[in-house]
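Given the structure is predicted, the values throughout are model-derived calculations rather than measurements.
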Amino acid sequence: SWKEIHEELLGGLRSLALSYQAMSYFDKDPMKAIIAIKNIEDVYSNAPKLLVKIAQKAKADNLNIPNSKFLDLIGDIANEL
């Protein structure tokens with residue numbers, strides 16, 4: 001559902017915000033910063049899967065995707081499904 005997609009997206013953004021904040025304290029807690037880097041990598045590696053979910057849902061709901069570089073990417077993914 002769109003709600004689940006939205007929650008996943010917000011969770012990823014929240015995780016990125018916390019990770020980038022943790023990285024800013026590298027001098028005080030280097031281990032936390034290293035873990036944050038791994039977390040950032042995980043969030044970004046999950047992004048294509050989330051884009052596919054968005055594209056699948058948009059296609060299932062027969063939505064027209066407006067013009068923008070980001071949304072064009074989602075449209076391209078949807079067209080490949």
Side-chain angles (χ1 to χ4, degrees):
S1 73
W2 285 114
K3 180 181 177 186
E4 291 167 347
I5 291 170
H6 185 74
E7 288 172 349
E8 186 175 346
L9 178 61
L10 289 176
L13 292 173
R14 185 179 314 111
S15 182
L16 285 175
L18 293 171
S19 295
Y20 280 114
Q21 184 179 22
M23 284 178 42
S24 70
Y25 296 107
F26 180 81
D27 56 333
K28 295 177 183 173
D29 193 348
M31 186 55 109
K32 189 174 184 178
I34 290 168
I35 293 169
I37 291 169
K38 174 65 175 134
N39 187 54
I40 290 168
E41 182 181 284
D42 291 345
V43 171
Y44 281 120
S45 68
N46 189 48
K49 295 175 201 164
L50 183 57
L51 289 176
V52 167
K53 286 180 186 179
I54 293 168
Q56 288 172 333
K57 184 65 176 152
K59 187 172 184 175
D61 291 352
N62 294 317
L63 298 177
N64 291 325
I65 299 173
N67 291 331
S68 80
K69 288 182 181 183
F70 176 71
L71 295 175
D72 285 346
L73 174 62
I74 294 172
D76 291 343
I77 293 169
N79 291 333
E80 292 177 13
L81 299 175

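Of all the heavy atoms in Ser15 and Val43, the pair that sits closest is OG-CG2, 3.7 Å. When every heavy atom of Phe26 is checked against every heavy atom of Ile34, the shortest pair comes out as CE1-CG1, 4.5 Å. In terms of heavy-atom proximity, Ala36 sits nearest to Met23 at CB-CG, 3.9 Å. Minimum interatomic distance between Ile54 and Trp2 (heavy atoms only, all atoms of both residues): O-CH2, 3.9 Å.
With sequence neighbours excluded, no residue forms a side chain to side chain donor-acceptor pair (under 3.5 Å) with Glu7.
Considering NE2 of His6 and OG of Ser1, their distance stands at 11.0 Å, rounded to 0.5 Å. With rounding to the nearest 0.5 Å, the separation of NZ in Lys3 from CD1 in Ile5 is 13.0 Å. Separating the CG atom in Leu50 from the OH atom in Tyr44 is a distance of 13.0 Å, to the nearest 0.5 Å.
In this structure, Val52 is a member of the same hydrophobic cluster as Leu13, with clusters built from ILVMFWY side-chain heavy atoms closer than 4.5 Å. Each of Leu16 and Tyr25 belongs to its own hydrophobic cluster when Ile, Leu, Val, Met, Phe, Trp and Tyr are linked at side-chain heavy-atom distances under 4.5 angstrom.
Evaluation of the salt bridge (charged side-chain N to carboxylate O under 4.0 Å, His left out) test over residues 30-48, restricted to residues two or more places apart or in two chains, returns Lys38-Glu41, Lys38-Asp42.
Residues Lys53 and Glu4 have side chains not in contact (no heavy-atom distance under 4.5 Å, counting atoms from C-beta outward).
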